[in-house]
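Chain identifiers are assigned alphabetically (A, B, ...) following the order of the sequence lines, protein sequences preceding nucleic acid strands; residue numbering begins at 1 within each chain. For the numbers below, each heavy atom of this structure counts, side chains included, while hydrogens, waters and symmetry mates do not.
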Amino acid sequence: MDVRRPPTWPATPQEALAEQDRLRPLVDLAGPGPQTIATAAGLDVTYAGDRLAAAVVVLDAGTLDVIEESVVEGVPAFPYVPGLFAFRELPALLDALEALTTVPDLLVCDGHGLAHPRRFGLACHLGVLTGLPAVGVAKTPLLGGYDEPGPERGAASPLRDGGETVGTVLRTQAGVKPVYVSAGHRIDLPTARRHVLALSPRYRLPETTRRADHLSRQVLRAP
DNA sequence: GCGACAG
DNA sequence: ATCTTGTCGC
C-alpha cells in the first residue's frame, strides 16, 4: 500500500517538535469513523542491540485469522524521548506497511494517539502518513488522570488531561490491568474503544498487537 | 525545584 | 524497549 513519506527525517528534538506541529493540523477528528471493519492491522517493533524489527499483521476483524504479514529489519531512526517516540520507529513501520498488498480498514498502534502532550502520538502520526483510521493502544499512560475502571471485561473510565478527555482506560480482561486507548486518526473514542475490545477476546492486548509482537520477535531473534 | 515520562 | 529467577496456573 501507499504511504506518505516525509522528504527528510528530523535529527534533533527541535526538528521533531516542528514536524509534529506541521502534521498535527492534518489529523482528522471528525465523524465517528468506521463502525464496521473487515480487517485490522497490528503494528509493533522489537529491539535487539542497535537493531530493530518492525512488523505489521493484518487480521480478519471477525475471525481474527491472519490475512497478511509484513516485517522488515532496520535501525532506530531517533533516540527515545517521551513525546517524540514515533520518530524512533516510524520509518521501519512505514517500510513494513509499504510492502503490504492489503489495505487494512484500521491500524492498531502500540502506543498513544491523542493521549499525548501535543495531541499527536504515534497513532496520529501513522494515521496521517497512511490516511487510514488509526487507534493507539498503550500498556502504560503517558499523561492524564483517571479512576480505576470496574473489574469486569469491557469496563472503562475516561483518561483526562487538562480538562479534556484524551482517551479511555479499558479493561479488556476481567481482573487484569487495563490498557490505555486513544483515537489516532479518522475515528472517535467510542468507536476505537469498541474495536479494541472486539480485537481482545482472550488476552489483555489486542490480537493484532500480539501477532505483530510475535512476528517481530521471531524475525529479530532468529539465528 | 522535584519527579514523571508511550516503547 | 531490554536485562532476568522463580512461581502460580491452565
Side-chain angles (χ1 to χ4, degrees), chain A residues 9-10 13 16-17 19-20 23-24 27 42-57 71-97 107-129 134-146 153 159-162 165-170 172-185 189 192-193 196 200-206 208-222:
Chain A
W9 203 247
L17 287 170
E19 178 73 343
Q20 290 188 330
L23 297 177
R24 184 175 45 212
V27 175
L43 304 87
D44 192 32
V45 173
T46 290
Y47 297 83
D50 51 8
R51 302 284 299 173
L52 61 72
V56 179
V57 178
V71 58
V72 302
E73 289 189 55
V75 295
F78 205 80
Y80 172 65
V81 179
L84 299 178
F85 167 63
F87 294 95
R88 187 168 175 72
E89 26 185 81
L90 216 31
L93 287 172
L94 292 177
D95 284 342
L97 281 167
L107 297 182
V108 180
C109 311
D110 189 32
H112 294 102
L114 293 178
H116 175 279
R118 289 168 295 284
R119 307 295 182 257
F120 195 72
L122 175 65
C124 301
H125 209 143
L126 268 168
V128 168
L129 265 33
V135 302
V137 180
K139 295 178 285 296
T140 63
L142 174 57
L143 54 76
Y146 60 91
R153 169 178 148 81
L159 176 65
R160 297 196 188 77
D161 178 59
T165 294
V166 296
T168 180
V169 185
L170 176 65
T172 54
Q173 295 301 322
V176 172
K177 280 197 306 179
V179 295
Y180 304 80
V181 178
S182 57
H185 185 60
L189 195 50
R193 184 199 89 66
V196 169
S200 315
R202 171 100 205 257
Y203 300 101
R204 181 194 179 210
L205 296 178
T208 36
T209 301
R210 287 169 45 76
R211 290 281 191 168
D213 177 75
H214 294 163
L215 177 58
S216 61
R217 266 180 215 286
Q218 70 181 67
V219 165
L220 196 57
R221 301 186 54 180

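To the nearest angstrom, C1' of C/dA1 lies 17 Å from CZ of A/F78. Spacing between atom NE2 of A/H116 and atom P of B/dC5 amounts to 15 Å, rounded to whole angstrom units.
Between A/R211 and A/D44 there is no salt bridge, since none of the side-chain N atoms of the basic residue sits less than 4.0 Å from a carboxylate O of the acidic one. Taking 4.0 Å as the cut-off between side-chain N and carboxylate O, A/R119 and A/D161 count as a salt-bridged pair.
Regarding contacts with the backbone of B/dG7, a side-chain N or O of A/K139 is found under 4.0 angstrom from either OP1 or OP2. Between C/dT2 and A/R217, a contact under 4.0 Å exists linking OP1 or OP2 to a side-chain N or O. Contact annotation: A/Y80 reaches the phosphate of B/dA6 (side-chain N/O to OP1 or OP2, under 4.0 Å).
For the pair A/R210 and A/Y203, the cation sits on the ring face: its NZ or CZ lies under 6.0 Å from the ring centre, inside 45° of the axis.
Contact of the A/L43 side chain with the A/V108 side chain is not registered, since no non-hydrogen atoms from C-beta on lie closer than 4.5 Å. Residues A/L215 and A/T46 fail the side-chain proximity criterion, which asks for heavy atoms closer than 4.5 Å. Proximity of A/L23 to A/F120: side-chain heavy atoms (C-beta onward) are separated by under 4.5 Å at one or more points.
With pairs defined as Watson-Crick or G-U wobble and both atom distances under 3.5 Å, not a single stem of at least three pairs touches DNA chain B. Taken together, the pairs of DNA chain C form no segment extending over three or more consecutive Watson-Crick or G-U pairs closer than 3.5 Å at both contacts.
Less than 4.0 Å separates DNA chain C from at least one heavy atom of each of the following residues of residues 45-52 of chain A: A/T46, A/Y47.
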| request: Assess whether side-chain hydrogen bond (donor to acceptor under 3.5 Å, both in side chains) is satisfied between A/R204 and A/Q173, documenting all intermediate values. | output: CA-CA 6 Å; A/R204 181 194 179 210; A/Q173 295 301 322; over 6 Å; no
| task | Please step through ring-ring contact (aromatic ring centres under 6.0 Å, His included) for the pair A/Y146 and A/Y180, ending with a clear verdict. | result | CA-CA 10 Å; A/Y146 60 91; A/Y180 304 80; 5.6 Å; yes
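Heavy atoms only, all atoms of each residue included: A/G113 and A/S182 are closest at N-OG, 2.7 Å.
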